[in-house]
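What follows is a short report on a single structure.
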There are 2 protein chains.
Amino acid sequence: MSPDLAVTSSTPSAPAIVRVGVIGIGNMGSTHARTILSGAIPGAELAAVCDIRESMRQWTAEQLSPNIAFWSDSEQMMQSGTIDAVLLATPHDDHARQAMIAFQHGLHVLVEKPAGVSTAQVRQMNDAAVAAPSSVFAIMYNQRTNPVYRKLRELIQSGELGEIRRMNWIITTWYRPQSYYDSGGWRATWAGEGGGVLINQCPHQLDLLQWTTGMMPERIRAFCRFGRYRDIEVEDDVTAYAEYANGASAVFITTTGEAPGTNRLEMTGDRGKIVIENDQLTFWRLRESEPAFNSRYTGKFGSPECWQCDIPVEGEETGHPGIIRNWIDAIRYGTPLLSPGAEGIHGLTLSNAMLLSTWTDGWVELPLNEQQFTDELEQRRQNSVYKPGSTVEPEDVPADLSGTFK
Amino acid sequence: MSPDLAVTSSTPSAPAIVRVGVIGIGNMGSTHARTILSGAIPGAELAAVCDIRESMRQWTAEQLSPNIAFWSDSEQMMQSGTIDAVLLATPHDDHARQAMIAFQHGLHVLVEKPAGVSTAQVRQMNDAAVAAPSSVFAIMYNQRTNPVYRKLRELIQSGELGEIRRMNWIITTWYRPQSYYDSGGWRATWAGEGGGVLINQCPHQLDLLQWTTGMMPERIRAFCRFGRYRDIEVEDDVTAYAEYANGASAVFITTTGEAPGTNRLEMTGDRGKIVIENDQLTFWRLRESEPAFNSRYTGKFGSPECWQCDIPVEGEETGHPGIIRNWIDAIRYGTPLLSPGAEGIHGLTLSNAMLLSTWTDGWVELPLNEQQFTDELEQRRQNSVYKPGSTVEPEDVPADLSGTFK
């Protein structure tokens, strides 16, 4: 069946199988390919994989299945008519271009995070998606399936936390030794990845910061340090400060250089505060809102009555398979997307702005000056030690990444 | 006996009594006066109090003792020969001037925090202290008696935490309603206090940040918000970022506008991390230092072995009485000061730099340009709604502050 039929189908009887092609079978792509191959995604079939490394042809036959078509040219695969949908797990910088080709061929797209390296290219991708409304476009923000962040979002969106005042996320549980960076010449280079911890490890947190609150900042001042802990070109240590239209502020701290690291998110609103740490959510709730207390209280040293509340957090973190399943369900049944592809630009905007603020040593106002970011990045690409195309890296054998992504 | 004799005495037999005069019997001064009067400080006698408000003469006789001399002119008291030592609990801006008069008269000095409003005036005070070596000069950094911070300092100074990499202090447990600010026309004005949460609530934390680590930053970029939550002139919300010579960074967050607030200090070193929250210290210690692990490790995704350690924190927080006792012991026996007066300038430097960075919307390098700070502050004093001397405020009856200071 054609993708068009698939997307318009909304009959309760199960529509036909969605034939998926996975482009890029490195660490993440091979994991996703195996997930689909295992039958864990109802209605999805792993029809083909694609990798520019010819060596992966044999790997595919041996490690996945001899029945999976192997392509070394993604465009040929996309125009072959043998697939309905593509899952893009290629280097960040290829996402936008490949997604746009997919849209041209009427394919559905699930893109790995980040959406791309610069918001300029991601905006083009998003525009192309709008022009291809029959294509279901999603992004692999699998942390949106995490029940604690879903609960946080619900508590904010329903008004329980009140008006947001402050966000503070310390996310430093990304320890990477030098040997990690040395495992691929493209790693942690401007030409190879276009960024460091912000683009590689943190896209989920940058997404959640805006997805849970529904807020994007007005301006950002950030302090990225490049190669502070490792012999790399890009940022491995970041402190960023952001201000929002409603007066709220945020601090975002990340690094790949610290052990054991911390993952602690604190959100303050005028009805109290929520802390998520060790995958536990705690809500200190004010009995009345702080402004209401303040306006009626005449004593000098009192404060609003506060209740420490145990909040039930229910449901399972379905992770990558959950996002793939939701995408396939959206294709087959019109199920609303948990993680629409067009939303990938928000977290990337934060990331681009943090780099640009550091490069210019000043405030970055949003909306971002995308051309300025692109120009600054391009300078660094030109001077990068990595020359794209000079080698056929990533490592030949996909690594077991269990537990290393969040 | 003369102060000179007191300070040079180091005989094991108890030297004579130190006659203390307390200047300023507002909230803090009256508390300290009562502490001395109660006999809780061996070797100290409350000989006199001083307050510019004549109305406090009767209060002193009724609430303290009819035997306590009352002065309304501090200089007259200091040159009277009836006291050996002064405890300064006057408005911040008077500390330096009064301390210098005390040094001229050979008196010992214990100054309330902050040391002053600007480092320029505090530097003058410190110079005067150097010129009066027989005067024992201390500052009321009573949080230095808190066993958790003493332990943190010991773990850092002894090298257990390794080289410091990051500090993160969220100290937002300072909730103050508008009625607090409205209780004195001088409160939270540039002319009356010379600052807000940084100068009034946070001096202890700003002191501990440098006292526990022994480190002062090279440069600071801060984001103070003035009157964000309350109808006041000064800052009630601060986020500050600092960088140190060894590459470490720090984030310091404070406000008087949030409830219930947080007091969480995280210190990361190359041997692990320490978190102090809810007055509990936890140490996650790496079995080998992070750089050592990194240099020998060849896997891609490993990290140093980490032990969560329960660290005994012993001793009692002796608070204000502990600092007063230590000061008296230093006068009588030459006991080393826990909180030497000259060290008050360090925390104030951080505070001044945070304001100056906000006013200039840029980096502030240390050592601080003290003249620039003084000039910027003076502009704001000129435009302040509060006109010093126009009223004889603070409130007449000292409030019970139990539990409001830290």
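Reckoned from all heavy atoms, side chains included, excluding hydrogens, waters and symmetry mates.
- Checking B:R187 against B:Y180 by side-chain atom types alone, a donor-acceptor pair falls below 3.5 Å.
- Both the backbone and the side chain of B:S303 come within contact range of chain A, judged by heavy atoms closer than 4.5 Å.
- When heavy atoms are compared at a cutoff of 4.5 Å, B:Y297 approaches chain A by way of both its backbone and its side chain.
- The candidate from B:G257, B:C306, B:P260 with the greatest count of non-hydrogen atom pairs under 4.5 Å with chain A is B:P260.
- Of the two parts of B:E266, only the side chain, counted from C-beta on, holds a non-hydrogen atom closer than 4.5 Å to a non-hydrogen atom of chain A.
- Scanning for salt bridge (Lys or Arg N to Asp or Glu O under 4.0 Å) contacts around B:R221 gives B:D361, with sequence neighbours left out.
- No donor-acceptor distance shorter than 3.5 angstrom exists from the side chain of A:R271 to the backbone of A:G159, with no hydrogens or angles considered.
- Using a distance-only test at 3.5 Å, with no hydrogens or angles considered, no donor-acceptor pair links the side chain of A:E243 to the main chain of A:R219.
- Against chain B, the residues from residues 279-288 of chain A that qualify, each with a non-hydrogen atom under 4.5 angstrom away, are A:W284, A:L286 in number order.
- Distance alone, capped at 3.5 Å, is enough to place a donor-acceptor pair between the A:T213 side chain and the A:L209 backbone.
- Taking the salt bridge (Lys or Arg N to Asp or Glu O under 4.0 Å) definition, one finds that B:R230 meets it with A:E290, sequence neighbours left out.
- For the salt bridge (Lys or Arg N to Asp or Glu O under 4.0 Å) test, residues two or more places apart in sequence or in another chain that qualify with B:D237 are A:R166, B:R225.
- Residues B:Y175 and B:A259 come closest through the heavy atom pair CD1-CB, 4.0 Å.
- Residue B:D310 places its CG atom among 12 or fewer non-hydrogen atoms of other residues, nucleotides or ligands, all under 6.0 Å distant.
- In terms of non-hydrogen atom pairs under 4.5 Å with chain B, the most contact-rich of A:T172, A:T262, A:N168 is A:T262.
- For a residue to count as touching a neighbouring chain, one of its non-hydrogen atoms must lie under 4.5 Å from one of that chain's; by this rule B:R228 touches chain A with the side chain only.
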